[in-house]
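So the structure is just underneath, and the comments pick up after that.
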Amino acid sequence: MLSSFPLSAAANPSDLRELLRTTFGFPAFRANQEEVCVAAVAGRDLLLVMPTGAGKSLCYQLPALARGGTALVISPLIALMEDQASKLIALGLKVARIHSGMDRAASRQACADYLNGDLQFFFIAPERLRVPGFAEMLAKRSLSLIAIDEAHCISQWGHDFRPDYRMLGERLPELRRGNGEGQAAPVLALTATATPTVQADIVAQLGMPAPAKFIHGFRRDNLAIEVVEVPVPMRAAVICKFLKDASRRPAIVYAQSRKQAELLAEELSHVVRASAYHAGLDSAIRESVQRSFQQSEIDVVVATIAFGMGIDKADIRTVIHAGLPATVEGYYQEIGRAGRDGQASRTILMHSYADRRTHDFLLGRDYPPVADLDRVYRLLREEPRELDELRYESKLSDEAFEKAIEKLHIHGGARVDFNGNATVGGPGWKKTYGVQADYRREQLELVVRYVEGHGCRMSALVRHFGDVEDAAQPCGVCDACDPAGAVLCLFRRATPVERTQAQDVIESLRTATYKTIKQLMSDLSWAERVGRDDFEKLLAAMQRAGLLASEEAVFEKDGRVIPYRKISLTGAGLETRATTAIALLLSDGIAEEFAPASSSGSRKRKTGSNAGTSSGKTSGGGTAAPVELSGVSVALAAKLKEWRTSEAKRLRVPPFIVCHDRALNAVAAARPVNLRQLLDVDGIGPAKAEKFGEAILEICRSNP
Ligand code: ADP
Ligand code: MG
């Protein structure tokens with residue numbers, strides 16, 4: 001049995017500090033750690049949202065020791081588990097873990113140690129709870145606490161949804177009760193990335209009745225954020241000019257597609273040492289790019305979102321988004337890689353209306369209309385029907401049909417067996433599919449609102465993650481707080497006419513609590529002539545000057561949520577009289593030194609074009625039209641489909657999980673002879689290539 005070093009449950013802060021020093025060797029708590037630990041030691045359930053690297057692990061580890069007994073830690077990744085376990089072992093603590101990478105004897109020993117009361121920390125993967133008898137075994141003892149790391153995995157709104165996490169909700173009541181001795185174990189949910197929606201979902205899924213919530217640390221003081229409208233064709237040239245200056249490097253440029261990443265890297269390599277990094281490159285190349293960047297042998301990496309997970313480079317001076325990101329969370333994570341050393345760093349987001357269209361297109365492709373799904377659903381019966389037959393009857397295009405059946409399968413509307421036969425599932429799919437599709441759209445909407453916002457950028461991000469209190473403080477260095485300090489965004493002084501117009505806006509708002517932009521425009525006789533875009537620019541300038549406030553709001557119409565903005569006067573605005581001289585800075589595109597020689601969006605080089613995006617972040621990737629196959633290719637495609645059928649049977653999964661028709665057709669058309677070429681085929685990512693690459697290449701080789 002363990003020597004008893006539990007402290008009293010009423011944590012005494014000085015005891016906790018003592019434990020921090022003696023056991024962990026840290027001289028002091030980091031920001032917010034202490035209050036979290038105190039709550040946990042007292043046995044409170046809690047939700048802890050702090051950015052990566054903030055020190056969340058300590059917030060369950062220290063309370064676990066203070067409470068005494070065994071802490072159960074649920075972690076989704078072997079690597080994370082190993083990393084934390086080995087650190088604790090190095091501190092001389094008693095730790096066991098069970099995951100799929102271990103042999104049976106070791107797992108059995110871990111369970112025996114647990115039952116003997118010899119463990120302080122027991123790490124498991126969530127799927128372990130599916131093993132019959134395992135949860136019951138755990139419940140034979142009382143746990144000190146239950147920590148759920150990467151808790152966003154439980155929410156299907158989180159970007160890493162793991163169905164196995166769902167089981168936790170069911171199992172927790174039994175686990176926290178344990179053998180009934182003593183207090184129920186508190187549940188600690190930890191994550192670095194959860195919007196208020198995801199936070200609420202975590203709490204609901206885990207059945208935490210009234211958790212303490214700690215949402216902290218999202219502000220980054222040394223990041224100056226700029227958001228700037230740059231037409232797609234101009235972006236490559238602007239980025240090259242910007243990164244020519246050595247003080248702006250090392251840098252990461254996030255591209256929207258593999259193709260854009262390669263083209264940009266190529267363009268940049270005339271100016272700096274640059275490489276592309278995306279999911280279509282094989283792992284040896286990716287590792288070497290990552291290593292060279294880490295060791296400063298290259299200055300710039302142009303990446304799709306696949307880059308950065310393992311990056312631990314402290315001196316990144318610039319992060320550029322060469323297009324509109326898909327979610328605010330992703331964007332925040334990516335800009336967060338700049339300036340880890342605490343030195344001033346700059347982040348630039350380039351966008352234009354064309355980005356919005358690209359995203360809309362991708363969304364439409366990934367989340368087809370419910371009507372498409374319904375059309376397929378209505379053809380399903382209790383008796384198995386062949387997919388090919390259904391495809392024909394549905395009259396949908398191959399691609400639309402495949403998306404529809406895949407979505408039905410995921411949402412339980414269809415059951416597809418490994419022979420490629422489908423039977424009808426439950427009617428519940430409509431609801432979950434609809435909710436998910438809407439959620440994706442909302443996420444895009446939030447990004448658009450972020451880029452169109454005129455308030456402090458950092459505050460907007462901090463508020464996005466739910467830290468309302470901290471959001472009240474402007475950062476002072478972003479393009480909204482300090483227009484004159486912006487490097488890429490160009491601002492100009494308002495003309496006398498614009499200053500008069502600003503006065504008109506103030507008068508129009510003086511007696512109103514707020515007006516919408518539409519109301520303002522119809523109240524002001526000149527607004528229509530100026531046009532919505534320039535009118536908004538004027539409002540933005542007034543907001544930057546501290547005269548106006550704008551608040552996001554929504555109203556519901558026909559069951560749809562429609563966002564709008566409430567514009568009102570600030571205190572300074574109210575004090576402004578017709579005689580007050582007001583200084584306004586209007587946004588005026590990008591600074592001349594960065595504009596390409598033949599500027600004004602001329603389509604000189606189409607390098608940055610994202611018209612044909614094959615994005616690494618969307619399933620399959622590739623927006624190409626359906627592939628036209630020649631006679632021989634048709635034969636090869638048929639062979640590949642035969643192979644897929646047998647593979648699906650072997651793996652007991654629906655055929656489209658092995659490979660989509662679209663991807664197989666593309667393989668047949670491209671006839672790759674090696675892995676590199678195979679990875680170039682739309683719809684074949686590294687995961688597929690790793691699993692099936694050899695088999696597919698063999699079929700291509702033997703069917704000339
Ligand atoms: P997170 O899970 O929030 O991403 P970790 O828990 O992995 O972060 O902690 C990041 C690093 O900070 C670890 O190396 C950890 O040892 C260190 N750390 C945590 N708390 C403290 C502290 N109070 N003093 C010094 N270092 C700390
Ligand atoms: Mg962590």
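First listed ligand is number 1; within each ligand, the first listed atom is number 1.
- In this structure, Gln33 has a heavy atom closer than 4.0 Å to ligand 1.
- The cationic atom of Arg97 (NZ for Lys, CZ for Arg) does not lie both less than 6.0 Å from the six-membered ring centre of Phe122 and within 45° of the ring axis.
- Using a 4.0 Å cutoff on heavy atoms, Cys59 does not count as a contact of ligand 1.
- Taking each of Gly217, Ala192, Gly55 in turn, the one with a heavy atom nearest to atom 8 (O) of ligand 1 proves to be Gly55.
- No part of Gln84 comes within 4.0 Å of ligand 1, judged by heavy-atom distances.
- Aromatic pair Phe293/Tyr277: ring centres not closer than 6.0 Å.
- If you look at His321 and Tyr331, their ring centroids are closer than 6.0 Å.
- Residue-ligand proximity: Ala28 is placed with a non-hydrogen atom under 4.0 Å from ligand 1.
- With Phe121 as the aromatic partner, Lys94 does not meet the cation-pi criteria of under 6.0 angstrom to the ring centre and within 45 degrees of the ring axis.
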Cut-off 3.5 Å, no hydrogens considered: what does the side-chain donor-acceptor table look like for residues 43-51, sequence neighbours left out?
unit_1	atom_1	unit_2	atom_2	d
Arg44	NH2	Ala210	O	3.1
Asp45	OD1	Arg176	NH2	2.7
Asp45	OD1	Val187	N	2.9
Asp45	OD2	Arg176	NH1	3.3
Asp45	OD2	Arg176	NH2	2.9

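- The side-chain tip of Arg248 points at the ring of Phe242 from less than 6.0 angstrom away and within 45° of straight on.
- Residue contact check: Pro51 has heavy atoms under 4.0 Å from atoms 3 (O) of ligand 1.
- Considering only non-hydrogen protein atoms, atom 25 (C) of ligand 1 sits nearest to Phe26 CD2, 3.4 Å.
- Close contacts of ligand 1 with Thr52, meaning ligand atoms under 4.0 Å from a residue heavy atom, involve 4 (O).
- Regarding atom 14 (O) of ligand 1, its nearest protein heavy-atom neighbour is Lys87 NZ, 4.0 Å.
- At least one heavy atom of Gly53 lies less than 4.0 angstrom from ligand 1.
- A distance of 8.5 Å separates OG1 of Thr70 from CG of Asp118, quoted to the nearest 0.5 Å.
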